[in-house]
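Below is one structure, written out as structure tokens; the observations come after it.
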Amino acid sequence: MPTDDVTRRPCHTIAGAVIVLLAAATTARGLGPESVRGHLDLTVVQSEVDGVRRNTLRQEYTANWSRNLLPNIRTRAALRYTKFDLRDNQTPDVSREEIQPSGELVWRHPQWTFSSSARRRDADLSTLAGRQINDSWAFSLITRDLDLPRVTLRYDDNHIFDRDVPGTGRDTRDKRFQAGLDHTVRSHAVSYNFTRRETDNIVSEVMSEEYGHLFQWRAPTYRPASRVTLTSNYTMSYRQQTDRRMTEGTIPTILNGPVGLYAEDSSPDLGPLTAFASLTDLNTSDPAEPSIDIGGAPGNHNLGLDLRFERAVSAVYIYTDRPSGVQRAWNVYVSDDNATWDRAEGFPRVEFNPGVNRYEVTFPTATARYVKVVDVGVNEVEQVFVTELEALQVSSEERSATREGGAHIVDGRVTYAISDDWSSTLDVSYENEPFAVAENRRERTDYTAGARYRQNGMLLHTARWQQGFESLGPDTEDRKSSTAAYGAILEPLETLRLTGALSGRWEYLEGRKSDETKSAVVRALGTPITGVHLSSEVSRSRTVQFDAGRRQDAWNYQVSADGAVARPLTVGMTYSQQRADVSTETELRVRHRYGVDFNYRLTGTVYLRGSYIQTRDLRRDSVQDYLVSWNTTPKLTMSAVASLDNAGNRGRTRRYNANITFDATSNSTLYWSFSQSDLTEAGGSETNSFQSGLRASF
């Protein structure tokens with residue numbers, strides 16, 4: 001199609017869509033409130049990228065129909081159609097067309113609920129990779145009798161394959177059966193879940209088979225005396241996964257026993273990750289808590305693993321709760337101390353396996369105790385949550401690998417209120433992993449004693465002592481860790497709050513001190529004037545690794561202020577300094593960070609916001625963001641955004657964007673957008689684009 005036709009077609013398409021929408025809405029109202037619902041989304045983009053003119057048209061239409069066939073039976077059907085066309089003046093046209101029908105039947109019986117669903121996703125990627133089909137269906141049964149144990153049964157079948165390139169494209173079949181039992185007897189909550197999953201990747205000729213068991217018991221709170229409270233829990237988990245390759249090749253071996261770590265940090269080369277137990281709890285289906293969202297544009301998610309001792313690692317698997325975008329890239333870092341990180345050698349290879357919803361990041365074998373992956377780039381899926389992490393080592397001989405893991409975990413707590421001002425707690429936890437192979441078996445015992453004392457209305461004291469004993473098998477050294485902490489909160493005035501804390505942590509290997517960390521922190525928060533908040537913090541820490549002969553001293557200083565300068569204007573300012581002195585390095589690392597931001601309500605309809613952040617360490621970086629929004633009328637909104645990033649020797653980037661939104665009716669919106677970006681100094685492209693579109697529903 002000529003370029004002029006592509007330019008004229010958006011206006012014709014949007015005008016025709018408005019007519020279709022009005023007709024559909026009129027018809028839907030005649031069918032009744034529970035018959036048909038739908039929406040359409042049309043977007044036209046005309047852009048110029050490094051001198052190449054490009055025109056794109058994206059169309060999306062959905063229709064949903066639902067009705068009660070009988071008093072207890074409800075059915076639903078849906079149809080989704082999308083089409084994407086891209087044309088420019090230098091390369092062949094690109095198009096993508098997708099149609100997705102689906103249906104569901106739900107039967108709500110007084111004693112149980114049965115549901116069955118089916119879906120087909122037929123995507124024509126002829127200009128890219130041919131035609132891809134995704135067939136899936138599922139059924140579930142849940143009992144509803146509150147006097148009997150609740151039974152849950154579910155079966156899922158998912159098949160993804162490339163129709164036009166059989167044997168060389170994608171062909172993955174995933175089957176999963178789940179059964180659960182939940183019951184409460186005299187406030188004792190008991191649950192059991194069984195999972196069997198089979199994944200067959202026909203193209204790579206790798207088959208995976210997984211069995212999982214999870215049993216949990218929660219005891220009611222018991223009070224043998226007025227000031228004593230007892231609680232206890234027990235969990236048993238077991239998982240076995242076997243991977244088999246049908247032809248010549250190797251299978252990565254999953255490393256047992258690592259502990260999940262996480263931090264959100266834009267400077268991945270310096271800074272520790274904190275323990276995140278739910279990232280390694282053998283649950284690959286449910287999102288880890290607290291949630292970690294790697295969807296959309298933001299990156300800087302540092303997902304790590306403590307391998308517990310130096311081990312060879314060649315891959316990290318990141319499981320997600322849903323299919324995620326293939327554009328997301330991952331960088332790999334390794335560390336010996338969870339403080340200073342080095343990029344792993346070689347370039348990592350990243351693939352997303354849709355059969356099991358996981359990113360598979362492989363890289364040249366590295367030997368380290370800590371490993372982490374950091375996401376970069378944009379994810380086409382808006383919201384994706386991480387469920388599990390795994391570390392793997394590539395075997396040079398095995399064509400089959402089995403991972404067997406699980407644990408018995410017993411927790412107990414005793415709380416004793418000595419008086420109205422004094423209280424104390426004792427927590428005991430025992431964990432045993434008898435299912436792993438002998439060299440990776442883990443046994444751990446922890447106890448924590450704590451006390452809380454309110455001296456008067458202004459001063460509160462807290463203290464904690466924690467000790468843990470860990471055995472990782474006959475060929476590894478037993479570990480012991482001890483932690484002592486003291487904190488105080490002083491509130492001499494309603495407008496002033498002072499806090500301080502001292503802590504120390506010591507780790508021993510076979511009775512030999514291996515690591516030591518001591519820290520102190522003081523914070524002050526005040527409100528000297530109504531609406532104005534001030535805060536400051538000073539902290540000092542020292543970490544010593546005796547086996548490596550390494551010491552790191554760190555100082556942190558931070559001051560911030562925010563408040564209302566005038567009724568429509570609020571301003572915030574921050575300054576922080578981080579200093580790190582590492583005994584094995586010749587230079588002292590110093591990082592300064594300055595920031596200021598403001599929010600200004602110029603009038604009842606005009607709003608301004610801006611921020612400026614500068615960072616100085618080995619280089620000087622600055623980031624500026626500004627926004628102005630104008631609600632011209634109740635239906636018309638205009639806004640503009642500017643983002644300026646000066647990354648020192650990495651180059652400058654400039655981004656500008658202007659938007660207009662018009663609510664034509666209560667359920668339809670027209671929008672226009674212009675954007676300009678210059679990323680040439682940072683190795684990117686220069687882009688100018690104009691976007692218009694329509695979103696509507698009926």
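All values below were derived from every heavy atom in this structure, side-chain atoms included, with hydrogens, water molecules and symmetry-related copies excluded.
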Do you see a donor-acceptor pair shorter than 3.5 Å between the side chains of Asp446 and Ser429?
no
Less than 3.5 Å apart, any donor N or O on the side chain of Arg505 or Thr483 sitting next to an acceptor on the other?
yes
For residues Gln467 and Ser482, is any side-chain donor paired with an opposing acceptor at under 3.5 Å?
yes
Got a sec, which residues hit ring pair (Phe, Tyr, Trp, His ring centres under 6.0 Å) with Phe385, two or more places apart in sequence or on another chain?
none
For Tyr192, what residues pass the ring pair (Phe, Tyr, Trp, His ring centres under 6.0 Å) criterion, not counting sequence neighbours?
none
Listed by chain and number, what are the ring pair (Phe, Tyr, Trp, His ring centres under 6.0 Å) partners of Tyr370, not counting sequence neighbours?
none
Would you name the heavy atoms of Ser419 and Arg227 that are closest together and state the gap between them?
CA-NH1, 3.5 Å
Of all residues at least two apart in sequence or in a different chain, which pass the ring pair (Phe, Tyr, Trp, His ring centres under 6.0 Å) check with Trp422?
Tyr453
Sub-4.5 Å side-chain heavy-atom contact between Asn338 and Leu273:
yes
Less than 3.5 Å apart, any donor N or O on the side chain of Thr199 or Asp174 sitting next to an acceptor on the other?
yes
Would you call Lys480-Asp478 a salt bridge at under 4.0 Å N-O?
no
Side chains of Gln216 and Tyr234, donor plus acceptor under 3.5 Å
no
Under 30°, 30 to 60°, or over 60°: which ring-plane class applies to Trp107 and Trp112, parallel, tilted or perpendicular?
perpendicular
Compare all side-chain heavy atoms of Arg144 with those of Gln111 and state whether any distance is below 4.5 angstrom.
no
Between Glu210 and Lys175, does any NZ, NE, NH1 or NH2 come within less than 4.0 Å of an OD or OE carboxylate oxygen?
no
Using only heavy-atom distances, determine whether the side chains of Ser503 and Ser519 contain a donor-acceptor pair under 3.5 Å.
yes
Partner residues of Leu496 under the side chain to side chain contact (heavy atoms under 4.5 Å, CB included) criterion, sequence neighbours left out
Pro492, Leu493, Leu498
Donor-acceptor under 3.5 Å (Ser278 side chain, Glu289 main chain)
yes
Between the side chains of Thr320 and Asn357, is a donor N or O closer than 3.5 angstrom to an acceptor N or O?
no
Could you tell me which residues satisfy salt bridge (Lys or Arg N to Asp or Glu O under 4.0 Å) with Arg108, sequence neighbours excluded, listed by chain and number?
none
Would you check if there is a donor-acceptor pair between the side chains of Glu388 and Tyr317 at a distance under 3.5 Å?
no
Is there a donor in the side chain of Ser536 and an acceptor in the side chain of Arg523, or the other way round, less than 3.5 Å apart?
no
Would you mind listing every salt bridge (charged side-chain N to carboxylate O under 4.0 Å, His left out) that reaches into residues 451-465, with sequence neighbours excluded?
none
Taking the side chain as C-beta and beyond, is there a heavy-atom pair between Leu534 and Pro528 under 4.5 Å?
yes
For Asp306, all residues meeting salt bridge (Lys or Arg N to Asp or Glu O under 4.0 Å), sequence neighbours excluded
Arg369
Residues pairing under ring pair (Phe, Tyr, Trp, His ring centres under 6.0 Å) where one sits in residues 275-296, two or more places apart or in two chains, turn out to be Tyr262-Phe276
Could you go step by step and tell me if Glu516 and Thr543 meet the side-chain contact (heavy atoms from CB on, under 4.5 Å) rule?
CA-CA 6 Å; Glu516 179 183 78; Thr543 300; over 6 Å; no
Could you work out, with side chain to side chain contact (heavy atoms under 4.5 Å, CB included) as the rule, every residue matching Gln178, not counting sequence neighbours?
Arg154, Asp156, Arg176, Thr195
Does any non-hydrogen side-chain atom of Val373 lie less than 4.5 Å from one of Ile318?
yes
Assess whether atom CZ of Arg223 is packed by more than 12 heavy atoms of other residues, nucleotides or ligands within 6.0 Å.
no
Pairs where residues 179-191 contributes a residue and the test salt bridge (charged side-chain N to carboxylate O under 4.0 Å, His left out) is met, not counting sequence neighbours:
Arg150-Asp182
State, with a plain yes or no, whether a side-chain heavy atom of Leu303 is found less than 4.5 Å away from one of Val386.
yes
So, the side chain of Asn68 versus the backbone of Leu70: is there a donor-acceptor pair under 3.5 Å, distance only?
no
Does the side chain of Ser324 pick up a donor-acceptor pair with the side chain of Tyr359 at under 3.5 Å?
yes
What pairs with Arg413 under salt bridge (Lys or Arg N to Asp or Glu O under 4.0 Å), at least two apart in sequence or on another chain?
Asp427
Gln455 side chain to His461 side chain, donor-acceptor N/O pair below 3.5 angstrom
yes
What I'd like to find out is whether the side chain of Glu443 reaches to under 4.5 Å of the side chain of Glu470, using heavy atoms alone.
no
If we only count heavy atoms from C-beta on, is the Trp217 to Ser232 side-chain gap below 4.5 Å?
yes
Would you say that Arg444 contacts Ser481 through its side chain, given a criterion of any heavy-atom pair below 4.5 Å between the two side chains?
yes
Determine yes or no for a side-chain-to-main-chain donor-acceptor pair under 3.5 angstrom, with Asp375 supplying the side chain and His301 the backbone.
yes
Quick check: closest heavy atoms across Lys372 and Pro268, and the distance to 0.1 Å?
NZ-O, 2.7 Å
Would you find a donor on one side and an acceptor on the other, under 3.5 Å apart, between the side chain of Ser335 and the backbone of Thr340?
yes
When you check the gap from the basic side-chain N to the acidic O, do Glu209 and Arg196 get nearer than 4.0 Å?
yes
Check Thr462 against Tyr486 and note the closest heavy-atom contact, atom names and distance.
O-CD1, 3.3 Å
Heavy atoms of Thr143 and Pro149 approach each other most closely as OG1-O, 3.7 Å
Do you see a donor-acceptor pair shorter than 3.5 Å between the side chains of Thr221 and Thr231?
no
Looking at every non-hydrogen atom in both residues, tell me the closest pair between Ser136 and Asn158 and how far apart they are.
CB-OD1, 3.5 Å
Considering non-hydrogen atoms only, spot the tightest contact between Ser535 and Leu525 and give its length.
CB-CG, 4.2 Å
